[in-house]
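The structure presented is a predicted model; accordingly, all values stated were derived computationally and were not measured. Order of the sequence lines fixes the chain letters, A, B, ..., with proteins taken first and strands second; residue numbering starts at 1 for each chain. The figures that follow rest on heavy atoms only: side chains count, while hydrogens, waters and symmetry mates do not.
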Protein chains: 2
Amino acid sequence: MTATEGPGAADGGAPATTGGDAPGRSRDDTVAAVVRQWRAVHPGLDTGPMEVIGRINRCAALLQQAEDAPLRREGLTRPEFDLLGALRRTGHELTPGELARETFSSGAAVTKRLKQLGERGLVERRGDTRDRRVAHVRLTDAGRDLVDGVLPAQLAYETAVLSGLDGPERGELAALLSELLGRLEGRLGALRA
Amino acid sequence: MTATEGPGAADGGAPATTGGDAPGRSRDDTVAAVVRQWRAVHPGLDTGPMEVIGRINRCAALLQQAEDAPLRREGLTRPEFDLLGALRRTGHELTPGELARETFSSGAAVTKRLKQLGERGLVERRGDTRDRRVAHVRLTDAGRDLVDGVLPAQLAYETAVLSGLDGPERGELAALLSELLGRLEGRLGALRA
DNA sequence: CCCATATTTTTTACGAGTAAAACACCTGCT
DNA sequence: AGCAGGTGTTTTACTCGTAAAAAATATGGG
């Protein structure tokens with residue numbers, strides 16, 4: 001989780017609320033073991049959400065470690081690649097603020113990354129003529145080439161990492177995650193109390 | 001996801017490989033938008049895995065922010081809680097090395113956390129009598145009470161956060177994630193080349 | 001016109017994690 | 001016994017992200 005997370009986390013739920021049974025027999029992953037321990041210690045607790053949240057966290061941690069491999073080969077961290085990718089996929093210049101929103105990171109982090117990427121000749125900046133507070137950032141040719149060169153390797157690697165899931169399973173997983181994500185994005189700000 | 005990630009990341013796939021259609025109509029989440037942008041710029045690319053990996057990363061990021069709330073109220077970070085939780089759910093003492101494995105973090109990180117948690121009176125340590133390199137860490141009464149006090153709030157909060165998914169959906173999602181996680185945990189070490 | 005306030009970006013101070021080296025200690029071989 | 005090499009833990013040096021303050025500029029009301 002990024003970095004910071006773990007299956008040692010607070011998640012492990014009872015199969016009680018498990019409705020439809022999916023394909024494949026129940027593999028015994030780390031989270032299942034953690035859940036069993038919690039249930040043994042606190043039999044009364046509804047550990048349901050752990051099954052989902054714990055696994056999302058752990059999958060994210062493992063996937064990121066894996067995903068980083070092709071990026072690292074090109075000397076990029078994932079946040080850096082995210083920034084370059086945002087510029088590449090939108091196809092136009094973005095301000096630091098827009099980049100921060102686009103990559104879900106703080107403005108300060110974007111400032112630092114831009115400085116580094118600029119020194120490496122991957123991005124350029126120009127000031128806005130109307131409003132002299134704002135800057136406009138764009139990819140250099142080298143930056144664009146780097147993104148275009150890394151992206152296929154990145155996607156191929158991700159495909160390999162996901163190869164355990166067949167087509168329909170992957171589609172179902174994507175759909176369920178989309179459902180969850182849609183709700184999280186819509187409602188989380190309000191819940192954050 | 002620990003930490004460092006983002007939907008600005010390299011994920012966004014074509015619905016091409018999407019087999020079985022899940023319940024609910026396709027919500028338009030952030031990842032879907034990112035995927036559309038990538039496909040517009042690179043029409044030939046198989047963006048399939050993005051749909052899954054991008055969403056897992058983004059969900060992990062959002063969930064963690066949400067999850068942190070009940071923990072923060074008690075002055076705990078998630079890694080700290082993971083460490084205390086490992087001690088609580090196993091029910092016995094653990095060595096720093098075991099704690100590192102159990103919480104999927106580095107030994108150095110565990111050393112630092114133990115120091116802080118020790119200063120707060122939540123854990124205690126004693127040296128092994130046979131092998132004087134190893135230490136044994138256990139929860140103090142205060143530590144155990146803290147975990148037991150926070151856990152219900154934590155789980156309740158997680159339930160609320162997941163309330164967008166009904167029972168069967170949650171079960172299916174847990175099953176699919178378990179499938180993926182099982183394979184990742186088994187195979188990732190080998191793939192890490 | 002000038003001031004108060006808001007906005008965009010950068011700077012500062014600091015906390016947290018990591019990798020690699022350092023320590024301290026064990027174990028087995030000779 | 002003595003030492004080579006291995007294991008468990010901590011320390012060191014460094015990187016990276018963040019929150020909060022600062023800097024620079026815009027905007028609207030009096």
Side-chain angles (χ1 to χ4, degrees), chain A residues 1-6 8-9 57 60-61 64-65 68 71-72 75-83 93-120 123-138 192, chain B residues 1-6 8-9 57 60-61 64-65 68 71-72 75-83 93-120 123-138 192:
Chain A
M1 38 178 355
T2 136
T4 63
E5 66 206 10
N57 284 338
Q64 255 165 1
Q65 212 177 358
D68 281 352
L71 262 37
R72 276 206 179 329
L76 285 176
T77 65
R78 170 151 284 271
E80 285 169 344
F81 181 74
D82 285 355
L83 197 160
E93 294 179 334
L94 293 169
T95 68
E98 288 168 335
L99 279 168
R101 261 163 267 139
E102 201 69 41
T103 61
F104 297 91
S105 34
S106 72
V110 168
T111 296
K112 288 191 178 179
R113 278 173 216 145
L114 285 177
K115 194 169 137 203
Q116 291 187 159
L117 294 171
E119 284 164 1
R120 287 168 65 181
V123 300
E124 281 173 350
R125 55 192 306 157
R126 67 174 181 82
D128 188 296
T129 42
R130 304 268 183 104
D131 186 338
R132 284 186 303 187
R133 290 170 302 181
V134 340
H136 295 273
V137 182
R138 65 165 172 275
R192 226 171 262 168
Chain B
M1 24 162 282
T2 306
T4 64
E5 67 208 6
N57 284 338
Q64 255 165 0
Q65 212 176 359
D68 281 353
L71 261 37
R72 275 203 178 333
L76 285 175
T77 65
R78 169 149 285 269
E80 285 169 344
F81 181 73
D82 284 354
L83 197 161
E93 295 179 334
L94 292 170
T95 68
E98 288 169 335
L99 278 168
R101 261 164 268 140
E102 202 70 40
T103 61
F104 297 91
S105 35
S106 72
V110 168
T111 296
K112 287 192 178 178
R113 278 173 215 144
L114 285 177
K115 192 169 139 203
Q116 292 187 159
L117 294 171
E119 282 164 2
R120 288 167 65 181
V123 300
E124 280 173 349
R125 55 190 307 157
R126 66 174 181 83
D128 187 296
T129 42
R130 302 266 184 109
D131 186 337
R132 284 184 304 184
R133 290 170 302 181
V134 341
H136 295 273
V137 182
R138 64 164 173 275
R192 225 171 262 167

*Taking the side chain as every heavy atom from C-beta outward, state whether B:T95 and B:D128 have any pair of such atoms under 4.5 Å apart.*
no
*How close or far is atom P of C:dT8 from atom CG of A:L94, stated in whole angstroms?*
14 Å
*Hey, does A:Q116 reach any base, or is it just sugar-phosphate, or nothing, if we go heavy atoms under 4.0 Å?*
sugar-phosphate
*Distance-minimising heavy-atom pair for A:P96 and A:A135*: CD-O, 3.3 Å
_Nearest heavy atoms of B:R138 and B:E93, plus distance in Å_ = NH1-OE2, 3.0 Å
*How close or far is atom C1' of D:dG17 from atom CG of A:L83, stated in whole angstroms?*
14 Å
_Integer-rounded Å distance: C:dT10 P and A:K115 NZ_ = 11 Å
*asked:* How close do B:R78 and B:L71 get, counting heavy atoms only, and between which atoms?
replied: CA-CD2, 3.9 Å
*For B:V110 and B:S105, work out which heavy atoms get closest and say how close.*
CG2-OG, 4.0 Å
*Taking only residues two or more places apart in sequence or in another chain, which ones pass salt bridge (Lys or Arg N to Asp or Glu O under 4.0 Å) with A:R101?*
none
*asked:* At 4.0 Å (heavy atoms only), tell me whether A:T77 reaches a base, stays on the sugar-phosphate, or touches nothing.
replied: nothing
*So what does B:G97 hit on the nucleic acid, given a heavy-atom distance under 4.0 Å: a base, only sugar-phosphate, or nothing?*
sugar-phosphate
List every contact pair, protein side and nucleotides 18-21 of chain C side both N or O, where the distance is under 3.5 Å.
from: C:dT18; atom 1: OP2; to: B:S106; atom 2: OG; distance (Å): 2.8
from: C:dT18; atom 1: O4; to: B:K112; atom 2: NZ; distance (Å): 3.4

*What is the distance from CZ of A:R72 to C1' of D:dT15, rounded to the nearest Å?*
12 Å
*asked:* Nearest whole Å is fine: how far is C:dT7 C1' from A:R101 CZ?
replied: 11 Å
*Integer-rounded Å distance: C:dT10 P and A:L99 CG*: 11 Å
*Identify the two heavy atoms, one from A:E80 and one from A:R120, that lie closest to each other, and give their separation to 0.1 Å.*
OE1-NH1, 3.8 Å
*Does some side-chain heavy atom of A:L114 sit less than 4.5 Å from a side-chain heavy atom of A:L99?*
yes
*Output the residues of residues 123-134 of chain A in contact with DNA chain C, where contact means a heavy atom of the residue under 4.0 Å from an atom of the strand; sort by number or write none.*
A:R125, A:R133, A:V134
*When the distance from CG of B:L114 to C1' of D:dT11 is rounded to whole Å, what number comes out?*
15 Å
*Closest heavy-atom pair and its distance - B:L76, B:L117*: CD2-CD2, 4.4 Å
*For the pair made of CD in B:Q64 and P in D:dT18, what is the distance, rounded to whole Å?*
13 Å
